[in-house]
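Beneath this line is the structure, given in structure tokens, with notes to follow.
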Amino acid sequence: MLIERQLKKEEKEPFSPLINKIHYQQGRQMDQEIFVKASARFETSVSIPQALARYLYINVRDFAEALKWAEKAKNIEGNPYTVDTIGEIHKSNLKSNIEAKKQDISQNPEDLYRNIEIAKNGWKAFQRAQELSDLEIEREKEAADDDLEDYPMKSYNIKGYVSMLDISFLVFDILSRLPFFEKQNPMKKHYLRSFLNGCISINTVYRENSTVNTRYVEIIREHEPFLVGLKPEVKEIFDFLNSYFTYIKGNSELDRVNHRTVSDHFRKYVNLFCATPDERRKEQENKTNLSLKLNVEESKRFLEKNQADTFSGILQYLDKSVKEAEQIIECYAFLLTNTVNERHVKTKINYIMSNIVLYHLKEKSKHVKKYQDLCALLQEVLQDVGLQHPFPDPYFLALLLFWPSPTEENTDIAKYVVAIRKSSHKHLSKLFQKRSTIAHFYLGKDGGLKRLVSKPSLDEGFLEKMERDVLAQLWWNGEIFKEEAIMSRLYRVRGTIEQGEVYANYGKQKIPVRPARLRGIRSGFSTEKVSFYIGFAINGPLAYDIKYEN
């Protein structure tokens, strides 16, 4: 009765109905007394002190007392939930201090010191909660059958990452209110951006000479490693979550809420770290001798600002505007011509992917390279990376461009299937645990780039006559493949199932593919002839709508 919470929109209410009723009828004192006595009676219960901690920081805003009970819960059992509660207390405390500061215009540097300390503790708690969550997934993975990998049985927990972003942007907000970092002043905002990027130290930031400013600088200097480390940490989290939302089927309300939160934070990130066109123009006018270098940096900033500096980010443009996709290709074409460094392979990979995406948005665009040119460039990449590249991106491209036709075999394709499985397992395995991956392209009936059919183009006709949720259900249960609009565009591949493994057959060549839905596979060890549609996901080719010939 004390701790059982009701479910509301896939998330539990903060407190049990009993605690809510006592709170509104008798107040904090009675609720706290009941929790304390219950905790003394059930000493090994982690839920009671955790619930009290949650009650104290949400309803009472007594953060010190809440932290004491949260620590007690963690000491009983240090799991992702108890550690997350500690982080939530620090985050709520930080938000409360920021709101109070907005009402108080007096300058007290010690408030800055306390808030940075709270932020550091909150960040560490959320980071630890995410680590513990990832460890739980690894343990589940070891205990589970490998064949369950593509089933969306449980949402991957990304709450720690989202909360780390929450803390980071609270810190950025606090710093932007300091006299020498004020975000309303373009020059002072430039100082803040340069400081957080690690381009300048706090000692070189221009400021008025005052006792208060001197103390602010001392505090920032003491916490400089933490503050300067936030920007690269935030970028890394954005890149990871971008992969999560791009590659994984997330239909839950919690996924949608997290996506909105991350998108809101990214807008703030762009506003703070990606200079405006006017700022870049002034910078370029002042440094004309560095014109090429500045143009390179401007291209990189554009890609970062539009989340097109990653492979997963480019894939998201399959259902965006042609103009944006063309700008992305222009940036990559410029970088390919004007930069040669250790990341040049990544630039080539992203350039090829952006060509494929633009082709599916506007086939006749002057920016799209010929199929043969893209194949030649990809061959260069594959020669450079071999079969041991840590990321699946080049092998995903190999599947798209080199998948055999009904009349032509590609003896290397099976190698790329093995390579993409290995690299995606290594780089993205925690995303795929018990989750279903998204096929962004399906195998069509034509040749060249025409044989790739993008999922947004398949969805387009259906969204004119049904809701997106209804369409998602058709994809999930496989009924979509009975629609004439799908069957007329996709190529049905012949294959076999041998000892539970599915293969696509091209002449004498057998290419391993993973069934999108395991329940469509018969048990047994005999060889069966089948046919299916092929979808290309970041962890390899998937077989959809498997049908037995007999």
Side-chain angles (χ1 to χ4, degrees), residues 146-147 149-151 356 360 371 375 378 392 395-422 424 436-455 457-459 474-550:
D146 287 341
D147 288 340
E149 185 175 318
D150 286 324
Y151 269 77
I356 295 173
H360 285 84
Y371 171 71
C375 288
L378 181 56
Y395 311 122
F396 181 76
L397 291 176
L399 298 186
L400 298 185
L401 297 183
F402 299 152
W403 192 266
S405 70
T407 57
E408 295 179 3
E409 295 185 17
N410 184 325
T411 55
D412 290 329
I413 200 70
K415 297 177 184 177
Y416 298 136
V417 171
V418 173
I420 197 172
R421 287 183 177 181
K422 284 183 178 178
S424 63
S436 186
T437 49
I438 295 172
H440 289 86
F441 295 95
Y442 291 82
L443 185 65
K445 297 179 176 180
D446 294 315
L449 291 177
K450 281 183 180 291
R451 67 163 172 188
L452 298 175
V453 183
S454 71
K455 186 174 182 297
S457 73
L458 292 173
D459 287 342
L474 287 178
W475 281 103
W476 167 239
N477 59 29
E479 291 297 308
I480 193 76
F481 295 102
K482 296 179 181 178
E483 298 285 340
E484 178 60 31
I486 299 293
M487 293 189 292
S488 64
R489 296 186 65 187
L490 302 187
Y491 178 71
R492 196 162 189 90
V493 175
R494 292 187 178 277
T496 54
I497 297 179
E498 302 175 22
Q499 297 187 342
E501 296 294 324
V502 184
Y503 296 93
N505 294 344
Y506 287 87
K508 296 180 180 179
Q509 186 179 21
K510 294 194 303 184
I511 306 169
V513 297
R514 195 187 303 277
R517 292 177 64 78
L518 282 178
R519 66 192 67 177
I521 302 296
R522 294 176 186 167
S523 59
F525 294 95
S526 61
T527 298
E528 307 243 26
K529 291 183 178 181
V530 292
S531 66
F532 44 81
Y533 297 113
I534 294 283
F536 299 107
I538 197 64
N539 59 342
L542 300 175
Y544 290 87
D545 193 41
I546 297 174
K547 290 184 178 179
Y548 288 79
E549 291 193 358
N550 56 345

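The first residue in the sequence is number 1, and the count goes up from there.
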Atom pair OG (Ser405) and OH (Tyr491), whose distance is rounded to the nearest 0.5 Å: 8.5 Å

Any side-chain heavy-atom pair of Val502 and Pro512 under 4.5 Å: no

Criterion side chain to side chain contact (heavy atoms under 4.5 Å, CB included) on Phe441 and Phe396, from CA distance to verdict: CA-CA 11 Å; Phe441 295 95; Phe396 181 76; 4.2 Å; yes

Spatial distance of atom CD (Gln509) from atom CG (Asp412) [nearest 0.5 Å]: 9.0 Å

Ring pair (Phe, Tyr, Trp, His ring centres under 6.0 Å) evaluation trace for Phe481 with Tyr533: CA-CA 9 Å; Phe481 295 102; Tyr533 297 113; 5.5 Å; yes

Exercise: identify the closest heavy-atom pair between His360 and Val453: NE2-N, 4.3 Å

Closest contact, heavy atoms only, Asn539 versus Thr437: OD1-OG1, 3.2 Å

Donor-acceptor pair, side chain of Tyr371 and main chain of Leu401, under 3.5 angstrom: yes

Asp545 side chain near Arg492 side chain, heavy-atom distance below 4.5 Å: yes

Side-chain H-bond candidate by donor/acceptor type, Tyr416 with Trp403, under 3.5 Å: no

Between CG on residue Leu474 and NZ on residue Lys482, distance to nearest 0.5 Å: 10.5 Å

Salt bridge (charged side-chain N to carboxylate O under 4.0 Å, His left out) partners of Lys455, counting only residues at least two apart: Asp459

Residue pair Val417, Ile511: steps toward the side chain to side chain contact (heavy atoms under 4.5 Å, CB included) verdict: CA-CA 8 Å; Val417 171; Ile511 306 169; 3.8 Å; yes

For Val513, the option from Val493, Ile534, Leu542 that meets side-chain contact (heavy atoms from CB on, under 4.5 Å): Ile534

Sequence neighbours excluded - side chain to side chain donor-acceptor pair (under 3.5 Å) pairs with any residue from residues 438-453: Glu363-Lys450

Distance-minimising heavy-atom pair for Ile486 and Ile480: CG1-O, 3.4 Å

Side-chain donor-acceptor pair present, Arg494, Ser531, cut-off under 3.5 Å: no

Derivation of the side chain to side chain contact (heavy atoms under 4.5 Å, CB included) call for Arg421 and Arg514: CA-CA 10 Å; Arg421 287 183 177 181; Arg514 195 187 303 277; 3.7 Å; yes

Side-chain heavy-atom pair Ile497, Thr527 within 4.5 angstrom cut-off: no

Over all atoms of both residues, closest heavy-atom pair of Phe532 and Tyr503: CZ-O, 3.6 Å

For the student: nearest non-hydrogen atoms of Ile413 and Ala398, plus distance: CD1-O, 3.8 Å

Minimum heavy-atom distance Ile420-Pro392, with the two atoms named: CG1-CB, 3.7 Å

Interatomic spacing from OG1 in Thr496 to CD in Glu528 - rounded to 0.5 Å: 10.0 Å

